[in-house]
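Take a look at the structure set out below.
Atoms considered below: every heavy atom in the structure, side chains included; atoms not considered: hydrogens, waters and symmetry mates.
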Amino acid sequence: MSSVTLLFIFVSVLALVFLLLNFILAPHNPKNWIGKSIIWEKLPNSGDALKILVPSHIWKYMSGWSNYSGMVISQNIYESLIGYRGSKSDKGNTLFVKEQRVDGSYIGYLNKKNNSMLKCTLVGFERSYQVKIPSNPINLTRNFSMLESKLDPSYVTGFTDGEGSFILTIIKDNKYKLGWRVACRFVISLHKKDLILLNSIKNFFNTGNVFLTGKDASQYRVESLKGLDIIINHFDKYPLKTKKQADYMLFKLAYNLIKSKSHLTKDGLSELVALKAVMNNGLNDELRIAFPDIIPVLRPETPLSKNIDPFWLAGFTDAEGCFSVVIFKSKTSKFGEAVKLSFILTQSLRDEFLIKSLIEYLGCGFTSLDDRGTIDFKVSDFSSIRDIIIPFYVKYSLHGNKSLDFTDFSKVVTLMENKKHLTKEGLDEIKKIRNKMNTNRKQ
């Protein structure tokens with residue numbers, strides 16, 4: 001037998017031994033897993049992207065064992081295949097501010113709380129993803145204080161008063177005995193720039209899921225009965241302050257009917273249709289035709305209250321507020337332009353009492369109506385913005401993408417306080433800041 005043959009046999013035996021050791025030891029050492037689950041990797045605090053490890057699985061070469069089955073030969077990052085979870089994990093003493101995945105889920109290995117890991121598996125094609133979330137458009141490291149702190153319960157209620165929806169769906173579906181599928185759903189829909197905030201709300205409730213629902217749209221959604229029980233417990237304890245409270249009260253009635261399985265009876269289904277008739281946008285044409293004799297329930301009256309919690313106002317501002325910097329032509333200005341600052345909260349006219357109560361609560365501002373059926377609370381006096389609005393939101397932080405607008409707005413206030421807006425250089429600096437705020441902000 002030649003030395004070449006002996007060498008080939010020796011190498012092959014070593015390779016088989018290595019594979020057997022991998023198979024035996026892999027369950028006790030996640031980093032050694034091979035095959036379809038290619039690696040279990042601890043997430044770094046730096047937030048670097050996990051690499052997709054590419055095994056050389058080309059069968060026509062495996063007969064020579066030049067690279068034994070499943071051995072990784074290259075480490076490449078494919079941005080199109082790495083999903084972005086956008087959520088914080090805090091397990092034990094380990095804080096991960098950025099989670100990225102191929103196709104898997106966050107796990108705690110062997111119940112060791114400090115060994116927080118991410119399961120990654122190989123996927124065949126990008127089109128297999130139900131939701132594709134690119135990792136590069138979102139700056140996760142912009143607000144560590146927000147990621148590290150738990151949201152105040154009143155903040156969550158205030159934000160829901162602005163952006164939340166309590167939805168009862170009744171959809172024709174012949175798979176069900178009565179021909180209708182009924183479900184309750186709590187939803188908060190935002191621009192994808194606020195994925196971090198949506199995940200913070202998800203972490204606050206510890207239930208539900210966050211999705212991308214369009215090119216620039218994202219949504220937090222709770223629809224399981226167990227999850228909705230958590231939602232209802234929260235809003236019973238921390239009630240909504242806008243007229244949305246009436247929708248919540250109707251939603252709770254619908255939830256209780258579904259929980260008791262009354263929706264599976266004709267009478268129960270009719271009760272749900274009567275509730276839906278006065279919720280949100282009411283009944284669609286299909287439901288009106290199918291239930292022509294339904295008498296809508298009376299919409300609940302909600303109490304008027306001036307008892308405003310500052311955290312509630314911070315959450316409501318994250319949902320409905322605007323920090324505005326306007327540069328306008330001025331004949332009295334040395335450079336032909338002047339700067340006007342405004343803090344604005346906009347709400348439906350049905351909440352006129354609540355919005356007007358902000359004048360007394362903050363000790364500044366005024367309200368105005370428009371022909372769109374909305375009312376604005378506005379503060380445009382510079383001293384009030386500097387001495388009341390800025391300190392308030394420094395103390396009671398914003399947590400969404402709007403916090404970046406507040407930071408830029410504060411910079412302009414400082415420039416104006418130092419009279420920089422009266423100089424060409426200062427005016428140009430304010431223009432630069434304004435041009436990246438609000439709808440102009442890329443991320």
Side-chain angles (χ1 to χ4, degrees), residues 47 134-147 162 190-197 215-218 313-314 316-346 358 362-368 370 372 374 376-443:
S135 61
N136 52 352
I138 298 147
N139 182 4
L140 278 179
T141 59
R142 64 170 173 80
N143 195 340
F144 283 97
S145 62
M146 183 271 286
L147 286 171
L190 300 174
H191 192 281
K192 71 177 182 181
K193 290 186 290 187
D194 267 317
L195 270 172
I196 291 178
L197 177 55
K215 181 181 178 182
D216 295 317
S218 58
L313 183 53
F316 189 67
T317 300
D318 246 332
E320 302 291 356
C322 177
F323 298 94
S324 172
V325 178
V326 175
I327 298 175
F328 62 97
K329 295 187 181 297
S330 173
K331 294 180 180 180
T332 60
S333 174
K334 180 179 178 181
F335 304 104
E337 293 178 311
V339 182
K340 181 179 180 180
L341 303 182
S342 297
F343 167 65
I344 307 166
L345 279 168
T346 302
L358 294 174
L362 289 172
C364 62
F366 60 94
T367 60
S368 62
D370 63 26
R372 297 174 300 168
T374 61
D376 288 341
F377 168 77
K378 185 179 293 187
V379 181
S380 54
D381 175 68
F382 180 79
S383 61
S384 295
I385 289 174
R386 179 193 61 200
D387 300 334
I388 298 175
I389 299 302
I390 298 298
F392 181 88
Y393 290 104
V394 167
K395 185 174 182 180
Y396 302 103
S397 300
L398 303 172
H399 294 282
N401 200 61
K402 200 163 290 177
S403 64
L404 302 179
D405 293 324
F406 172 70
T407 299
D408 287 338
F409 187 77
S410 300
K411 291 176 184 177
V412 176
V413 170
T414 300
L415 288 169
M416 293 183 68
E417 186 178 16
N418 294 326
K419 309 297 182 183
K420 298 294 185 181
H421 62 299
L422 303 178
T423 68
K424 184 66 168 62
E425 294 77 9
L427 192 59
D428 288 342
E429 179 64 21
I430 291 173
K431 286 181 180 179
K432 289 179 182 178
I433 294 172
R434 178 207 59 181
N435 288 342
K436 67 175 184 178
M437 290 177 62
N438 300 313
T439 57
N440 293 325
R441 190 174 298 282
K442 299 302 181 184
Q443 61 178 23

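Atom SG of C322 sits about 7.5 Å away from atom CG of D405, to the nearest 0.5 Å. Going from atom OH of Y393 over to atom OG of S403 covers 13.0 Å, rounded to the nearest 0.5 Å. Taking CG of D370 as the start and OG1 of T346 as the end, the distance is 8.0 Å to the nearest 0.5 Å. From F343, atom CZ reaches atom OG of S324 across 11.5 Å, with rounding to the nearest 0.5 Å. Rounded to the nearest 0.5 angstrom, M437 CE and L404 CG are separated by 10.0 Å. Atom-to-atom distance recorded for I389:CD1 and L341:CG is 11.5 Å, nearest 0.5 angstrom.
Partners of K424 by side-chain contact (heavy atoms from CB on, under 4.5 Å), not counting sequence neighbours, listed by chain and number: F335, D428. Listed by chain and residue number, nothing satisfies the side chain to side chain donor-acceptor pair (under 3.5 Å) test with E429 (two or more places apart in sequence, or in another chain). With sequence neighbours left out, S383 forms a side-chain contact (heavy atoms from CB on, under 4.5 Å) with D381, R386, D387. F382 is linked by a ring-ring contact (aromatic ring centres under 6.0 Å, His included) to nothing, counting only residues two or more places apart in sequence or in another chain. Listed by chain and number, the residues in a side chain to side chain donor-acceptor pair (under 3.5 Å) with K436 amount to none (sequence neighbours excluded).
Looking at D318, its side chain does come within 3.5 Å of a backbone N or O of G400 through a donor-acceptor pair.
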Could you list the donor-acceptor pairs under 3.5 angstrom formed by side chains in residues 409-421, with sequence neighbours left out?
unit_1: S410; atom_1: OG; unit_2: F406; atom_2: O; d: 2.9
unit_1: T414; atom_1: OG1; unit_2: S410; atom_2: O; d: 3.1
unit_1: N418; atom_1: ND2; unit_2: T414; atom_2: O; d: 3.2

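Residue K192 comes nearest to S218 through the heavy atom pair CA-OG, 3.6 Å, listed as atom of the first residue, atom of the second, then distance. The shortest heavy-atom contact between S397 and A314 is O-CB, 3.9 Å. Taking every heavy atom of both residues into account, I388 and L362 meet most closely at CG2-O, 3.6 Å.
Within a 6.0 Å radius of NZ in K431, other residues, nucleotides and ligands contribute more than 12 heavy atoms.
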*Show your working on side-chain contact (heavy atoms from CB on, under 4.5 Å) between N401 and L197 and close with a plain yes or no.*
CA-CA 8 Å; N401 200 61; L197 177 55; over 6 Å; no
*T407 vs F323, side-chain contact (heavy atoms from CB on, under 4.5 Å): CA-CA, chis, key distance, verdict*: CA-CA 10 Å; T407 299; F323 298 94; over 6 Å; no
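For the side chain to side chain contact (heavy atoms under 4.5 Å, CB included) test with L345, the passing option among V379, L313, T367, D376 is L313; the others fail.
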